[in-house]
Amino acid sequence: MSISKIYNPRETENKWYTHWLEQKFFRSVPDEREPYTIVIPPPNVTGVLHMGHMLNNTIQDVLVRRARMQGKNACWVPGTDHASIATEAKVVAMLKEKGIDKKDLTRDEFMGYAWEWKEKYGGIILKQLETLGASCDWDRTRFTMEEELSEAVTDTFIHLYKKGWIYRGIRMVNWDPKGKTAVSDEEVIRREINQKLYYIKYYLSPSVGGQAIANLTTSDFLIIATTRPETIMADSAICINPNDERYRHLKGRSVFIPLINRAIPIIEDEYVDIEFGTGCLKVTPAHDLNDYELGVKHNLPVIDIINDDGTLNDKALILIGEDRFAARKKIALLLEEKGHLERVEDYKSQIGFSERTDAAIEPKLSMQWFCKMDEMAKPALEYVLNGEVKLIPEKFTNTYRHWMENVKDWCISRQLWWGQRIPAWYVQGEEPVIARTREEAIEELLIISEARSKMSENEKADFRLRISESIKQDDDVVDTWFSSWLWPISVFNGFKDPDNKDINYYYPTNDLVTAPEILFFWVARMIMAGHEFRGKAPFKNVYLTGIVRDKAGRKMSKSLGNSPDPIDLIEKYGADGVRVGMLLCSPAGNDLMFDESYCEQGRNFANKVWNAFRLVKGWEVDQSLSNSNATAISWFESRFNEALLQIEENFNQYRLSEALMETYKLVWDDFCAWYLEMIKPAYQHPIDHETFTATIGFFEHILKLLHPFMPFITEDLWHDELFGARKDKDCCIVAVYPVSQSFEAVLLKDFSLVKQVVSEIRNIRNSKQISPKQALSLHVKISSDINYKDYTGIISKLANISEFTPVTDTLSGSSSFLVGRDEFFIPLADNIDVDAERERLEKEVDYLKGFLKSVDAKLSNERFVQNAKADIIDNERKKKADAEAKIRILEENLQGYK
RNA sequence: GGGAGUUUAGCUCAGCUGGUUCAGAGCAUCUGCCUUACAAGCAGAGGGUCACUGGUUCGAACCCAGUAACUCCCACCA
């Protein structure tokens, strides 16, 4: 036999993945079986696999593989997301390196480069998923920007527009000056930043009507606190609280903006917090959301001094062309020079940053497209509240509800090129028209025009000609999420062909596995779209994974450099090892503190399975031998079913890491450490046929249980001739997953006592430094009803006992122990420290007496006896009897030492 | 500022409706072993005032109230 002592994953992984592909095991087409469907959360095309994907996709693969083995028609749909901002940023950067500026390109040219880039790098992450063993139906791979999915986006836009749920308007949006696009509220990450609060003097203009105000002595100026001094040039007013006594005298007056000396009015509004800062607020409608609203209310002009790229424009009058942050520093100096800066304080406040580019968000007024959310949020909330969609863990329901009840309209336009272009068409002097194509837009315009005034055929032709020359499509694209919210429907072509076989069969899908961070971005919106377009939520369960953190609890990120490359890990520990490692440290719903040592544990486990196989593989069967392991076999059978029940339960509750741990212990402890040790024939001895067959059967069952977690090693072993000849199609991946059968509880209970006996003997050996090779004799004084005769063989073998003698009296000069009510003695005449032995017994008796006392106290407590349930009381009585019996035994034994 | 969650062994976590022999697992640690499946291993051991303070109860890791620490989400205070 020349099987390697160590499991070598590299050889097997490729081989079996290819085999699975060849056999089309991942392929799913509708049939009569019950479907089990997962759509992948499409990773960004720009992405490379990181630990978050690793976790997320391992979980999906475990679920899919298990479902497949349970006989369901398992379908895992893979794909990628075009990720407009992230991808466009990468393409722009790539072009820049080549010396090309996006500004110098036409839209088409840019898209050419972008597609080229996508073709080149877009497939990487999916290839990487293969190495981890993902059993996706690759024939179904979709991309959110491919033609059909883009059409779905356009159709959806039109549909919602017709419903009046999509509208255009000027709003204060979150502007990303780096990406030069608006981003949604959800894409803004707020961080507390150390800032400076600048106290700036605004001098009052000469008093009203030329009359000096008497009590205005020191103050020819007001002081205003701001974190953004570079925006003072955009100020439209100063606002005070009408109830603020301190500023009563300022009503109706105006001040000059420092440096540029533009006069602005002082207005009053209760919005201003008297307590904060100086109680005076500068109102900058163009650059602050609240100020904007204040401006609308008080009819103030909007002065936008910041360009799309975050530099100051000519309306600023000074510091034109400077970046906003540079301008901030410079203006502080200028103000200081001119004596306008009263003081500067350190100040902490929340600043928004773009999720995609990490640029500080600039509130900016602009014309954008919005999607109304309130109507769609209602049913989407209902699905979760009534349990049709289950969030796992449940705690997210609260957060979900809160969000859905306070949902705001969704800014869906993005000032980018990479994405689905907004299907709005403009002609000078006309309202925008929403249509799929230029032609349809023109027709639409014609109809509108026709409705206004009747046109002759000539006029029509003229009109058509005129508008087809001037008509222009909106330059913007829709938010990426505006395509991914359709994903569970669009991957099955549910928009183009709403009654097709696939969508009818696979939709709604079963489980969605994703990160809680995108519960609102994506999950909530998918539920909305699911309801709107299919009348059904898109999935039944949403498993929200934790965030992968490092050992110190920091989120794994590129910038921290604390994230291992999953592919390196797979190289090092094997895909099965990494999968196990990932799951071992991922309790459902909690973040996981990842550490490489978990992968090591996973690898060791794979190796354990490998070696168990080597052992069995090496046995020679002797047909003439009769079965000498009946007890061990029935014990393991029961134990297996007991564990399987537990595993099923864990899976039902999506406790994957517990399901894995249960399997791990079943294999390592019960199967390897106990069962195999019990039946293992002596060196170079054959095994009987019956035991061998049973063991092979157990092994197969174990491989099946392990398969969803460790697909490669299990498939590899599955095909060994040990298990008989297998056809190409007869694979572990499609083997029938076992279903738990009834088991013998009494046998399991008795056996746990037997294990204790073995452990006690080993313990005595250990403490007395007796070699395992030295056989011992065991004397047993039985008072329980366990039939130890059934177990003498097992005990003898596992504890190296040469003689098993029933006795009726305690045996002095021996090391003794108690298991249950049965007493065991190992004669060790010259190796016994009598004092120590006596002491040990006394200690045990003391402990038992204490224990008995507490039980007695309970039982003599009337209220306990009155209130507690009968079985609890019974149990206490049993404990009492048990303790009393043990004390009697031990005390009897102690006689021998007196 | 509002809300949610967490706090159990050195680490990561179980502990389901309060009640099986003084609270469990895996890893790590310690001790002894290279015993022909596996040192990526075997056998054994140690390790916890269940964050803190009260309360309810015959009985609390579990229920209630408060306190503290941490985490996350939401929010326009310059």
Side-chain angles (χ1 to χ4, degrees), chain A residues 3 5-7 172 190 197 224-228 239 271-273 275-278 280-284 288-293 347 349-350 363 393 395-396 398-399 402-403 406 516-517 519-520 547 551 553 573 577 584-587 589-595 597-598 600-601 603-618 649 653 655 657-658 661-662 664-665 668 672-673 676-677 680 683-684 759 762-767 769 771-773 800 847-848 850-851 854-855 857-858 861-869 871-876 878-879 882-883 886:
Chain A
I3 312 168
K5 266 175 108 166
I6 287 169
Y7 168 58
M172 186 68 82
R190 282 167 201 285
L197 196 54
I224 287 168
T226 180
T227 54
R228 303 205 55 191
C239 191
Y271 164 76
V272 176
D273 184 349
E275 303 295 315
F276 190 88
T278 59
C280 293
L281 170 73
K282 75 190 207 46
V283 186
T284 320
D288 184 280
L289 182 58
N290 303 300
D291 291 13
Y292 174 70
E293 279 159 14
Y347 182 71
S349 75
Q350 298 267 341
K395 66 178 176 185
F396 287 105
N398 269 336
T399 350
H402 185 260
W403 193 76
N406 297 284
E517 306 154 302
L519 183 57
F520 309 125
I547 295 165
K551 238 189 155 175
Y573 301 104
L584 278 176
C585 62
S586 58
N590 284 336
D591 287 359
L592 52 123
M593 310 296 161
F594 179 81
D595 187 79
S597 61
Y598 288 107
E600 203 180 324
Q601 194 182 343
R603 177 202 61 182
N604 293 355
F605 183 45
N607 200 44
K608 186 73 191 176
V609 175
W610 181 255
N611 277 292
F613 168 78
R614 281 182 64 215
L615 173 68
V616 177
K617 171 94 175 156
E649 188 55 30
Q653 293 178 40
R655 299 178 165 194
S657 90
E658 284 178 58
M661 187 43 73
E662 194 66 34
Y664 180 95
K665 286 191 285 190
W668 199 307
C672 294
L676 289 181
E677 290 300 331
K680 184 161 125 184
Y683 183 53
Q684 289 191 330
S759 289
R762 286 169 173 171
N763 198 359
I764 287 169
R765 275 184 197 283
N766 240 326
S767 58
Q769 306 213 312
S771 156
K773 284 176 189 159
N800 194 11
Y847 161 74
L848 281 167
F851 174 72
S854 77
V855 176
K858 257 193 205 174
N861 182 335
E862 250 174 66
R863 284 193 286 184
F864 172 73
V865 182
Q866 270 166 20
N867 294 321
K869 277 185 243 157
D871 52 332
I872 301 289
I873 298 170
D874 274 358
N875 206 3
E876 290 301 313
K878 232 194 248 128
K879 283 197 227 168
D882 218 51
K886 280 186 180 176

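Chain naming here is simple, since letters A, B, ... match the order of the sequence lines and numbering starts at 1 in each. Note that these values count all heavy atoms, side chains included, but never hydrogens, waters or copies made by symmetry. Quantities reported herein were computed from a predicted structural model and do not represent experimental measurements.
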In whole Å, what separates the P atom of B/G26 from that of B/A43?
-> 12 Å
If B/U6 has a Watson-Crick or G-U wobble mate with both distances under 3.5 Å, name it; if not, just say none.
-> B/A69
Applying a 3.5 Å limit to both distances, which nucleotide forms a Watson-Crick or G-U wobble pair with B/G1?
-> B/C74
On a whole-Å scale, what distance lies between the C1' atoms belonging to B/U6 and B/C52?
-> 15 Å
Atom of A/Asn800, atom of A/Pro772 and distance for their closest heavy-atom approach = ND2-O, 2.7 Å
Under 4.0 Å between a side-chain N or O of A/Arg614 and OP1 or OP2 of B/G41?
-> no
Both distances under 3.5 Å, Watson-Crick or G-U wobble: report the partner of B/C63, or none.
-> B/G55
Please work out whether the ring planes of A/Trp610 and A/Tyr7 are parallel, tilted or perpendicular, with thresholds of 30° and 60°.
-> tilted
Integer angstrom distance from the C1' of B/C63 to that of B/C50 | 16 Å
Please tell me which of A/Asn398 and A/His402 maps to the more 5' nucleotide of RNA chain B, matching each residue to the nucleotide holding its nearest heavy atom.
-> A/Asn398
N/O (side chain, A/Thr399) to phosphate O (OP1/OP2, B/G3) under 4.0 Å | no
Name the closest nucleotide to the A/Asp273 side chain, picking from B/A37, B/A78, B/A25.
-> B/A78
Separation of B/A40 P from A/Lys5 NZ (nearest whole Å) | 10 Å
A/Asp595 has an atom CG; how far is it from atom C1' of B/G10, in whole Å?
-> 14 Å
So with a 6.0 Å cut-off around CD of A/Gln769, is the heavy-atom count from everything else above 12?
-> no
Look at the side chain of A/Ala868 and decide which nucleotide, out of B/A37, B/G19, B/U12, has an atom nearest to it.
-> B/G19
Below 4.0 Å: OP1/OP2 of B/C42 and any side-chain N or O of A/Trp668 | yes
Could you please name the partner base of B/G41, counting Watson-Crick and G-U wobble pairs only when both distances are under 3.5 Å?
-> B/C33
Check whether any side-chain N or O of A/Asn406 sits under 3.5 Å from a backbone N or O of A/His402 as a donor-acceptor pair, and report yes or no.
-> yes
Are the side chain of A/Asn875 and the backbone of A/Asp871 linked by a donor-acceptor contact shorter than 3.5 Å?
-> no
Between A/Thr284 and A/Thr226, is any pair of side-chain heavy atoms under 4.5 Å apart?
-> no
Rounded distance in Å - CZ (A/Phe605) to C1' (B/C27) | 14 Å
Using the ring of each side chain (for Trp, its six-membered ring), is A/Phe594 parallel, tilted or perpendicular to A/Tyr598, with breaks at 30° and 60°?
-> tilted
Of the listed nucleotides B/U35, B/A37, B/A78, the one nearest the side chain of A/Leu615 | B/A37
Which pair of heavy atoms, one from A/Lys282 and one from A/Asp291, lies closest together, and at what distance?
-> O-OD2, 3.1 Å
Selection from B/A37, B/A78, B/G19 that lies nearest to any side-chain heavy atom of A/Phe864 = B/G19
Could you let me know what B/A14 is paired to, Watson-Crick or G-U wobble, both distances under 3.5 Å, or none if it's on its own?
-> none
Expressed as a whole number of Å, how far does the P atom of B/A65 sit from that of B/A4?
-> 12 Å
Whole Å only: how far is the OH atom of A/Tyr347 from the P atom of B/A78?
-> 4 Å
Separation of B/U71 P from A/Phe396 CZ (nearest whole Å) | 17 Å
Side-chain N or O of A/Lys858 less than 4.0 angstrom from OP1 or OP2 on B/G59?
-> no
Pairwise C1' distance, B/U8 and B/G15 [rounded to whole Å] = 9 Å
Which nucleotide, B/A78, B/U36, B/A45, lies nearest any side-chain atom of A/Tyr683?
-> B/U36
Taking the inter-plane angle between the rings of A/Phe605 and A/Tyr664 on a 0 to 90° scale, is it parallel (under 30°), tilted (30 to 60°) or perpendicular (over 60°)?
-> tilted
Interatomic distance at P, B/G3 relative to B/A75, whole Å = 15 Å
Polar side-chain atom of A/Asn611 near backbone of A/Lys5 as donor-acceptor pair, under 3.5 Å | yes
If you look at every strand shown and take non-hydrogen atoms under 4.0 Å, does A/Ser771 touch a base, only sugar-phosphate, or nothing?
-> nothing
Interatomic distance where OH belongs to A/Tyr271 and P belongs to B/C77 [whole Å] = 8 Å
Between B/C58, B/G41, B/A78, spot the one nearest the side chain of A/Thr227, thanks.
-> B/A78
Give A/Ile872 one of three labels, base, sugar-phosphate or nothing, depending on what nucleic acid heavy atoms sit under 4.0 Å from its own.
-> base
Reckon A/Cys672 touches a base, only the sugar-phosphate, or nothing at all at heavy-atom distances under 4.0 Å?
-> base
Which listed nucleotide (B/C27, B/A37, B/G32) is nearest to the side chain of A/Asn766?
-> B/G32
Between B/C22, B/G41, B/U12, which one does the side chain of A/Tyr847 approach most closely?
-> B/C22
Answer yes or no: does a side-chain N or O of A/Arg863 lie under 4.0 Å from OP1 or OP2 of B/C58?
-> yes
Base, sugar-phosphate, or nothing: which does A/Val283 touch, judged by heavy atoms less than 4.0 Å apart?
-> nothing
Using whole Å, report how far CE of A/Met661 lies from C1' of B/C13.
-> 9 Å
Answer yes or no: side-chain N or O of A/Glu677 and base N or O of B/A37 forming a donor-acceptor pair under 3.5 Å.
-> yes
Side chain of A/Ala673 only, please: which of B/U20, B/G26, B/A43 is the nearest?
-> B/A43
Using the P atom as the reference point in each nucleotide, state the distance between B/G24 and B/A9 in Å, no decimals.
-> 14 Å
A/Lys395 side chain near B/G5 phosphate (N/O to OP1/OP2, under 4.0 Å) | no
Nearest-Å distance for atom pair OH/C1', residues A/Tyr598 and B/A40 | 18 Å
Determine: side-chain N/O of A/Asn406 to OP1/OP2 of B/C74, distance under 4.0 Å, yes or no.
-> no
Separation of the P atoms in B/C73 and B/C64, to the nearest angstrom | 26 Å
Whichever of A/Asn867 and A/Arg603 has its nearest RNA chain B nucleotide further upstream toward 5' | A/Arg603
OP1, OP2 of B/A45 versus side-chain N and O of A/Asn763: anything below 4.0 Å?
-> yes
Shortest side-chain distance from A/Glu658, nucleotide among B/A14, B/U12, B/G32 | B/A14
Below 3.5 Å, does any donor atom in the side chain of A/Lys608 face an acceptor in the base of B/C38, or the other way round?
-> yes
